[in-house]
Amino acid sequence: MEISFIIIELLVTVFIFLLAGIEEKFASNKWRLVYATPFFILIIMTIVSGFSIYYTGLYIAALVCMVSLFAGKKNVKRTLAGAGIICVAISFAFVLVIPERRKHAYLDDFEKAFTIMQEHYVLDREKGIDFSALYKKYHPLFQEVDKTQDHVENYKLWQRYTGEFYDGHVGYQMKREDLFLDALMKSYGNDYGLSLIRLSSGEYAAVNVEGYENSYNVTNDEKDDMGIYRIKNEFLSETADCDRLTLKNAGIKNGTIITKWNGKPIDEYFGELSYYFEQYPVRENEEFYQPVYVAGIGMGMNYGETCVPADEDNNASPSAEITFINDDGIEETVTALSLCAYFPRMYDTINRLDAGTNISNLEWQEIDEETVMMRISEMAYDQETYNGADYTEMTDELRKQVLDYKAKGIKNIVIDLRSNGGGSPYFVEGVACLFAPEGEHSVYYSAVINEDTASFERDEDGMYKKGHLFTYQGENLWADGKIILLVNNHCVSAGDDMTYVMGDFPNVKVMGTTRSNSSCQTVKVVELSSSSISFSAVPNLLPSGEVAIDTYTDHVGRTPFDEKIPMTTELISGIFDKGDDYILQYVVDSFTDYEKGDNT
């Protein structure tokens with residue numbers, strides 16, 4: 001918007017340059033209004049966009065035009081107006097050419113994204129979305145952040161807005177990596193040396209505790225796989241190095257039961273968590289991750305508030321009071337000072353809990369004499385295949401591998417779908433057909449689109465009208481064997497698709513620490529001036545006519561799920577002390593007592 005104001009002021013200043021000659025022929029006191037116009041434009045621009053040092057040229061130009069009003073000679077007026085033109089051009093260059101000095105169109109981005117989503121988001125009824133209420137709630141907030149140009153508050157606001165949809169396909173991405181990383185570092189509180197997780201017993205335990213060999217360490221750059229270490233130093237407190245072993249010295253380790261945080265029960269903080277780093281469409285999954293976010297809240301500080309030592313006028317450091325059960329079974333409290341921003345440890349914790357086996361996509365691993373594991377981290381075979389629907393080459397290759405393992409006496413297959421980011425639905429069918437019972441299987445119907453309105457048609461009951469039916473033929477190659485799909489909240493989109501398609505096969509069991517994400521519509525990405533936003537834009541329909549897989553207003557997962565892997569101190573120790581893939585091993589061990597659940 002500020003570019004429009006600058007262009008208008010530039011045109012007016014050019015006119016004032018020409019006016020010096022016009023005035024001599026057509027004298028009038030009304031010309032004074034023209035000389036004052038840049039000043040009035042500037043007032044309006046400041047009200048709308050706020051003050052900026054990069055608009056200095058505009059301020060000078062407005063002043064010069066006012067002064068030229070009192071100049072008697074044509075040449076003097078033109079010289080002053082010419083200087084004004086140069087000043088406006090300099091400001092225009094700052095705003096247009098130098099990205100870091102450009103005012104971000106935060107409000108325009110919101111209005112564009114909102115308008116497009118209102119027209120094309122396909123789960124508004126299923127999710128209970130009231131767009132009018134959302135606009136009334138968020139427009140004033142984006143209006144304010146547009147004035148302040150606070151990229152951190154803008155990020156938080158988008159996370160709140162996208163979180164309203166409970167849809168793993170609704171997401172926000174900033175274009176400038178430096179601003180994005182800075183916003184992440186400043187949006188999740190301070191690092192007090194640990195993360196928190198809820199045990200299956202209902203208690204809360206410390207995980208990823210500072211100072212232990214396999215846990216995240218504020219002095220270790222190698223584990224910052226997001227590249228946070230590049231900007232981390234400014235967030236480190238001056239005393240971080242000597243304070244980082246506070247928890248370890250107090251006796252807190254991975255698995256220690258934490259009873260209170262800053263004197264409050266941990267679950268009392270959950271209502272304060274107004275946004276998350278990720279989408280949790282399934283309420284049960286959301287509840288699993290909530291304690292992780294609480295661990296960044298400092299004493300007397302709000303959720304997300306982050307103290308940056310470099311920005312502070314004093315050396316005061318925030319702290320957290322952590323109450324725990326010591327080795328003698330006695331409740332004890334320790335004060336932990338901030339070590340850094342909490343985001344790197346938080347991200348590392350979530351990644352350790354959810355990352356799948358670190359091998360190539362579609363790679364196999366022999367676990368023991370009876371069990372193999374196939375890793376599927378994305379639903380893609382190669383780029384050429386991904387752009388089409390023919391996965392015959394992949395299916396033929398997998399068929400040979402499956403039959404080879406069957407001939408070797410392998411009885412069990414684990415398909416690791418953890419952190420599967422999705423991809424092509426044809427990939428899913430290309431894998432599922434090998435294990436499906438023989439015969440034709442229906443997958444989804446497409447929805448009927450109205451070409452005139454570019455929207456999908458609903459019937460009188462509010463259901464989308466069904467179009468083309470997608471099917472595939474099952475081969476049942478593993479009829480005498482057992483299969484476990486290993487999923488979690490990061491198993492999304494086509495990962496949800498595979499969970500849905502294969503989860504009901506008679507010899508397939510679905511397990512995980514959390515359910516799959518439950519987001520399965522086709523995605524549209526909208527490019528904004530300083531960011532991009534994605535959302536569900538094309539519905540996939542079940543044979544019943546219901547939208548496939550995505551959660552409704554009850555936020556209950558709709559993909560098959562047979563067994564939740566218990567969160568125990570043994571699991572915590574395996575991951576955060578030993579660095580083992582305890583979750584995978586738990587699944588492998590469960591084949592000895594395999595019993596398919598009821599998919600509830």
Side-chain angles (χ1 to χ4, degrees), residues 181-182 184-197 204-258 261 277-278 289 291-299 306-310 315 317-322 324 326-327 334-356 358 419 567 569-583:
L181 291 177
D182 187 63
L184 290 174
M185 293 289 282
K186 292 178 179 176
S187 296
Y188 295 97
N190 289 94
D191 182 4
Y192 302 104
L194 55 73
S195 290
L196 296 168
I197 199 72
Y204 297 93
V207 296
N208 219 350
V209 180
E210 180 74 21
Y212 291 89
E213 183 178 356
N214 286 297
S215 291
Y216 174 82
N217 192 302
V218 294
T219 64
N220 189 340
D221 292 340
E222 295 178 1
K223 294 184 180 179
D224 283 330
D225 58 349
M226 284 192 71
I228 292 293
Y229 65 87
R230 290 180 294 167
I231 60 172
K232 189 171 67 175
N233 286 344
E234 66 181 277
F235 294 90
L236 285 170
S237 68
E238 293 182 1
T239 60
D241 192 52
C242 61
D243 291 335
R244 69 185 195 85
L245 298 180
T246 298
L247 301 183
K248 185 175 183 180
N249 292 336
I252 297 179
K253 52 186 177 291
N254 294 314
T256 295
I257 301 302
I258 308 298
W261 192 265
F277 173 57
E278 301 165 314
Y289 293 97
V292 178
Y293 292 89
V294 172
I297 302 175
M299 193 185 313
T306 307
C307 174
V308 183
N315 294 323
S317 179
S319 61
E321 284 192 353
I322 303 171
F324 64 100
N326 64 24
D327 290 341
V334 62
T335 299
L337 296 177
S338 170
L339 303 176
C340 189
Y342 176 54
F343 178 76
R345 189 181 305 276
M346 183 190 83
Y347 175 83
D348 186 72
T349 297
I350 294 173
N351 187 57
R352 286 168 179 269
L353 289 169
D354 289 344
N358 187 24
S419 291
M567 183 59 58
T569 54
E570 289 79 14
L571 184 149
I572 289 171
S573 179
I575 294 175
F576 294 102
D577 288 327
K578 302 172 185 176
D580 296 337
D581 192 343
Y582 178 95
I583 294 171

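Basis for what follows: all heavy atoms, side chains included, without hydrogens, waters or symmetry-related copies. Source: prediction; values computed, not measured.
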Report the residues that fulfil side-chain hydrogen bond (donor to acceptor under 3.5 Å, both in side chains) with [X], sequence neighbours left out, ordered by chain and then residue number.
| X | result |
| --- | --- |
| D182 | H151, K186 |
| T349 | S195, N208 |
| T335 | none |
| N233 | none |

Using distance only, find each side-chain donor-acceptor pair of residues 570-577 under 3.5 Å and give its atom names and separation, not counting sequence neighbours.
residue, atom, partner, partner atom, Å
E570, OE1, T568, OG1, 3.3
S573, OG, D577, OD2, 3.4
D577, OD1, N254, ND2, 2.8

For [Y], does its backbone N or O pair with a side-chain atom of [X] as donor and acceptor, under 3.5 Å?
| X | Y | answer |
| --- | --- | --- |
| K232 | P344 | no |
| W261 | I297 | yes |
| S237 | S338 | yes |
| N190 | G296 | no |
| E210 | K248 | no |
| T306 | G189 | yes |

> Going through the distances and angles, do L337 and Y192 end up as a side-chain contact (heavy atoms from CB on, under 4.5 Å)?
Replying inline: CA-CA 6 Å; L337 296 177; Y192 302 104; over 6 Å; no

>> Under the criterion side-chain contact (heavy atoms from CB on, under 4.5 Å), I'd like the reasoning laid out for I252 against L194: C-alpha separation, chi angles, the key distance, then a yes or no.
In response: CA-CA 9 Å; I252 297 179; L194 55 73; 4.2 Å; yes

> When you look at CG of N249, are more than 12 heavy atoms from neighbouring residues, nucleotides or ligands closer to it than 6.0 Å?
Replying inline: yes

>> Set out, in order, the CA-CA distance, both residues' side-chain angles and the distance that settles side-chain contact (heavy atoms from CB on, under 4.5 Å) for D243 and L339, then state yes or no.
In response: CA-CA 7 Å; D243 291 335; L339 303 176; 3.9 Å; yes

> Listed by chain and number, what are the ring pair (Phe, Tyr, Trp, His ring centres under 6.0 Å) partners of Y188, not counting sequence neighbours?
Replying inline: Y275, F343

>> Y289: which residues meet the ring pair (Phe, Tyr, Trp, His ring centres under 6.0 Å) condition with it, sequence neighbours left out?
In response: Y280

>> For a quick test of reading the model, state the closest non-hydrogen atom pair linking A240 to L236 and the distance between them.
In response: CB-CD2, 4.2 Å

> What distance do N358 atom CG and D581 atom CG have between them, rounded to the nearest 0.5 Å?
Replying inline: 10.0 Å

Using side-chain heavy atoms (C-beta onward) and a distance below 4.5 Å, is [X] in contact with [Y]?
| X | Y | result |
| --- | --- | --- |
| V292 | F277 | no |
| F324 | L247 | no |
| R352 | V207 | no |

>> Determine whether V218 and F235 satisfy the following criterion, side-chain contact (heavy atoms from CB on, under 4.5 Å), listing intermediate values before the conclusion.
In response: CA-CA 10 Å; V218 294; F235 294 90; over 6 Å; no

>> If the condition is side chain to side chain contact (heavy atoms under 4.5 Å, CB included), which residues does T219 pass it with, not counting sequence neighbours?
In response: N217, D241, R244

> Between K253 and D327, is the closest basic N to carboxylate O distance under 4.0 Å?
Replying inline: yes

>> Taking salt bridge (charged side-chain N to carboxylate O under 4.0 Å, His left out) as the definition, give me every residue that meets it alongside D354, ordered by chain and number, with sequence neighbours left out.
In response: none

